2 protein chains.
Amino acid sequence: MIAVSNKIKNMEEFARVSGISRPTVSKYFNEPESVRPSTRARIEEALARYDYRPNVYAMNQNRRLTKNVGIIVPYLADPFFAEIARNIEDACIARGYTPMLHSSHGDPAMEVEILESLRSLKPAGVLLAPIGRRSDRKAVAAFAKHVPTMLFDSNLEGIGAGFVGSDNFQSVPMIVDYLCRTGEAPCFMEMPPVNPNANKRRMAYVGAMERLGKEPQVISLPGDGWNFEEVGFREGRRILGDGGFPSSNVLCSNDRLAIGLLAAAYEAGIKVGHGAGCSMRIAGHDDHPFARYTCPSLTTVSQDYDSISQRSVDSLFALVEGGGKATSRPEILFEGRLVMRDSA
Amino acid sequence: MIAVSNKIKNMEEFARVSGISRPTVSKYFNEPESVRPSTRARIEEALARYDYRPNVYAMNQNRRLTKNVGIIVPYLADPFFAEIARNIEDACIARGYTPMLHSSHGDPAMEVEILESLRSLKPAGVLLAPIGRRSDRKAVAAFAKHVPTMLFDSNLEGIGAGFVGSDNFQSVPMIVDYLCRTGEAPCFMEMPPVNPNANKRRMAYVGAMERLGKEPQVISLPGDGWNFEEVGFREGRRILGDGGFPSSNVLCSNDRLAIGLLAAAYEAGIKVGHGAGCSMRIAGHDDHPFARYTCPSLTTVSQDYDSISQRSVDSLFALVEGGGKATSRPEILFEGRLVMRDSA
DNA sequence: CTGATAAATTTACGCGCGTAAAATTTTGAT
DNA sequence: ATCAAAATTTTACGCGCGTAAATTTATCAG
């Protein structure tokens with residue numbers, strides 16, 4: 001970019017120096033493909049010589065819809081969501097939209113606040129991973145009625161234009177099968193039921209066990225926060241010191257819980273794994289970014305990050321560019337993949 | 001909020017229903033304290049009856065500076081940054097500003113892109129944790145000349161209005177002292193030098209060892225990415241299988257590296273800790289959110305998250321509300337605190 | 001009650017761009 | 001070269017609000 005002393009202050013001026021009329025320039029910025037190639041070339045040449053960017057605020061003031069996309073995750077300090085958010089951001093940028101990332105920090109009130117502040121930004125659409133059970137359903141539903149909203153990770157039945165997530169009824173039975181096949185039938189340590197995935201995974205576990213003719217054994221942990229490691233550690237320690245788990249094989253409803261439990265087992269001097277001398281096996285769910293660096297490395301089910309984020313974005317833009325009116329409400333589920341490591 | 005059929009569409013209309021003139025209402029929204037209490041009460045009463053929010057875009061168009069604050073971290077999938085970002089967000093909101101969170105994803109080009117897009121948002125200020133060594137210093141410096149910018153976590157000398165971070169020359173000697181006092185003099189496993197902290201910590205280690213009359217032993221790891229766990233694991237495994245570390249006591253330049261090394265040690269069947277039967281000690285730096293759930297739990301130095309984020313925000317707003325012109329460029333360093341756990 | 005001062009109102013203009021409608025030019029095929 | 005269709009230009013208006021200047025009103029001490 002060649003520095004030029006003449007600062008361009010508005011589109012009028014930029015149109016002048018590029019020899020194109022302002023309305024056409026405006027059209028270019030809203031949709032570069034909508035102007036003749038020769039015109040586009042001239043504009044882009046001028047763009048290279050003078051560095052001009054349209055005023056974001058003036059631009060969006062008279063637009064019914066902006067090119068902004070809201071992304072909301074329940075808990076950004078969880079690397080799982082950080083990773084998904086990154087994927088989604090990239091996909092939005094690739095489509096010429098501006099992602100705006102927000103975290104609810106596990107707080108339903110903040111979730112609503114974010115939605116309200118987002119509403120006044122006139123976003124083209126929103127990708128929302130709801131907090132879940134404690135979400136203000138009415139507020140979210142009201143928002144989604146006005147703004148095209150795709151849910152991901154955690155479903156709120158009937159709300160939004162659709163849902164993209166993992167198929168817990170495929171992934172959980174898969175790892176239950178694996179665990180049963182290779183050892184004692186597992187018990188299930190369940191995360192606090194912050195969202196529907198918690199319940200679905202429990203149900204999937206129970207169903208899978210029954211199909212195998214085994215007795216399901218569910219251990220429900222108290223709490224309503226997102227500090228799963230701590231819950232897993234604290235409750236794991238308590239149970240281990242209190243007679244132990246009903247099975248030597250423990251399936252945790254997510255990896256963060258398993259990370260906590262692994263720490264508790266380690267502290268108790270229990271050797272975890274499927275090798276010789278191991279007295280306990282622990283498995284998780286999600287393939288958390290750190291799951292391969294636990295001790296021992298964590299056997300788990302991977303969620304298909306790429307597909308989930310890609311598909312959420314695709315669905316949203318199909319909706320947005322189709323005028324915002326969806327006929328059905330698709331629920332798209334991706335299958336998990338068994339990730340066999342050392343812990344089970 | 002009582003629903004009202006009459007939708008308020010602009011400030012004109014809202015001013016009418018609240019019985020206050022539009023300019024005064026405008027003044028209220030920009031600074032509620034700047035209008036008479038009785039007036040404020042009437043406005044807020046109307047605000048409760050009719051739900052109206054000023055149009056963000058029209059609002060910011062004619063403002064030289066907005067109430068937006070940019071927050072940029074190098075790598076959001078690192079819970080350390082996610083936590084700091086959360087603190088900073090909260091502090092901004094508490095002051096009536098709108099935080100806009102961005103992650104460079106370890107990519108210098110994206111760092112610049114974010115800055116450029118931020119520039120057109122006319123933010124009141126920016127809080128930047130730079131990528132570090134690979135940052136485009138010129139671009140960042142140019143940006144910081146136009147927009148009040150506070151650096152945190154990682155310093156770029158001379159750039160921005162100031163820096164807030166940890167005092168590596170206090171924290172590292174502190175843990176070196178502890179390790180020496182309680183066992184063999186540690187060697188130092190160094191993260192890829194992605195930012196100045198890497199170098200400072202090495203220098204601090206060397207200085208501390210020399211003062212204690214010990215021979216410093218630095219192990220530098222290759223790489224320029226942010227996947228520290230992987231580096232720590234891969235290189236740790238290599239070194240352990242290749243004659244081992246020069247000391248049974250390994251100080252890692254950050255926790256994520258230590259997490260990788262712990263995994264490598266576990267895999268190699270090496271018992272880590274300061275207890276009986278342990279043949280190796282591993283310590284980290286930062287007090288990463290997961291450090292207490294490693295196996296064994298990680299002895300480390302905590303960074304003072306709260307103070308760092310609070311002070312960054314305070315400094316930025318002192319600058320912003322002081323007109324944007326700073327005379328000096330303070331470098332504020334907070335002390336670390338020794339967190340003794342089981343790994344060393 | 002008076003006067004000084006602070007606050008609110010009235011009036012008026014402009015910001016930078018979206019966008020509609022009509023006139024004009026360019027394009028690409030005949 | 002001819003002509004219809006597509007793209008561009010001209011012209012013109014409005015969005016919702018910030019903000020300045022002049023005027024009016026409210027406030028409070030004396």
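So you know, we letter chains A, B, ... as the sequences are listed, proteins then strands, and number each from 1. This one's a predicted model, so the numbers in the text were calculated from it and none came from an experiment.
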Value in whole Å for how far the [atom2] atom of [N] lies from [atom1] of [X]:
X        : N       : atom1 : atom2 : result
Glu31(A) : dG18(C) : CD    : P     : 13 Å
Arg42(B) : dA8(C)  : CZ    : P     : 10 Å
Ile20(A) : dT10(D) : CD1   : P     : 10 Å
Asn30(B) : dA20(D) : CG    : C1'   : 15 Å
Lys67(A) : dC17(C) : NZ    : C1'   : 16 Å
Glu33(A) : dA6(D)  : CD    : C1'   : 17 Å
Arg63(A) : dC15(D) : CZ    : C1'   : 14 Å
Arg16(A) : dG16(C) : CZ    : C1'   : 14 Å

Pairs under 3.5 Å (N/O, protein and nucleotides 22-30 of chain C):
{"residue": "dT26(C)", "atom": "O3'", "partner": "Arg36(A)", "partner atom": "NH1", "Å": "3.1"}

| query | Which nucleotide in the set dA20(D), dG18(D), dC17(C) lies at the smallest distance from any side-chain heavy atom of Met11(A)? | reply |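 The nucleotide sitting nearest to the side chain is dC17(C).
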| task | State which of dT10(C), dC17(D), dC17(C) makes the closest approach to the side chain of Asn55(A). | result |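 Ranking dT10(C), dC17(D), dC17(C) by closest atom to the Asn55(A) side chain puts dC17(C) first.
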With heavy atoms under 4.0 Å as the rule, sort [X] into base, sugar-phosphate or nothing.
X        : answer
Thr66(B) : nothing
Tyr52(A) : sugar-phosphate
Asn60(B) : nothing

| message | Which is more 5' along DNA chain C, the nucleotide nearest Pro37(B) or the one nearest Ala58(B)? Just name the residue. | response |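 Looking at DNA chain C, the more 5' nearest nucleotide goes with Pro37(B).
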Base of [N] paired with side chain of [X] (donor-acceptor, under 3.5 Å):
X        : N       : result
Arg22(B) : dT11(C) : no
Glu12(A) : dG16(C) : no
Gln61(B) : dG18(D) : no

At under 4.0 Å, does any side-chain N or O of [X] touch on OP1 or OP2 of [N]?
X        : N       : result
Thr24(B) : dT9(C)  : yes
Asn62(A) : dG16(C) : no
Ser26(A) : dC17(C) : no

| task | Show your reasoning for whether side-chain contact (heavy atoms from CB on, under 4.5 Å) applies to Phe163(A) and Ile332(A). | result | CA-CA 6 Å; Phe163(A) 169 72; Ile332(A) 302 158; over 6 Å; no
| Cut-off 3.5 Å, side chains only: do Glu331(A) and Asn155(A) have a donor facing an acceptor? |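 Judged by distance alone, the side chains do pair up.
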| query | Strictly by modelled atom types, are Ser21(A) and Thr24(A) linked by a side-chain donor-acceptor pair under 3.5 Å? | reply |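 Yes, side-chain donor-acceptor contact under 3.5 Å.
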Output yes when [X] and [Y] qualify as a salt bridge under the 4.0 Å nitrogen-oxygen rule, no when they do not.
X         : Y         : answer
Asp304(A) : Arg311(A) : no
Arg119(B) : Asp51(A)  : yes
Glu111(A) : Arg134(A) : no
Asp314(B) : Arg95(B)  : yes

| request: Nearest 0.5 Å please: distance from the CD1 atom of Ile71(B) over to the CD atom of Glu89(B). | output: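 Rounded to the nearest 0.5 Å, the CD1-CD separation comes out at 5.0 Å.
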| Pro23(A) vs Asn10(B), nearer the 5' end of DNA chain D by closest nucleotide |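 By nearest-heavy-atom nucleotide position, the 5'-most residue is Pro23(A).
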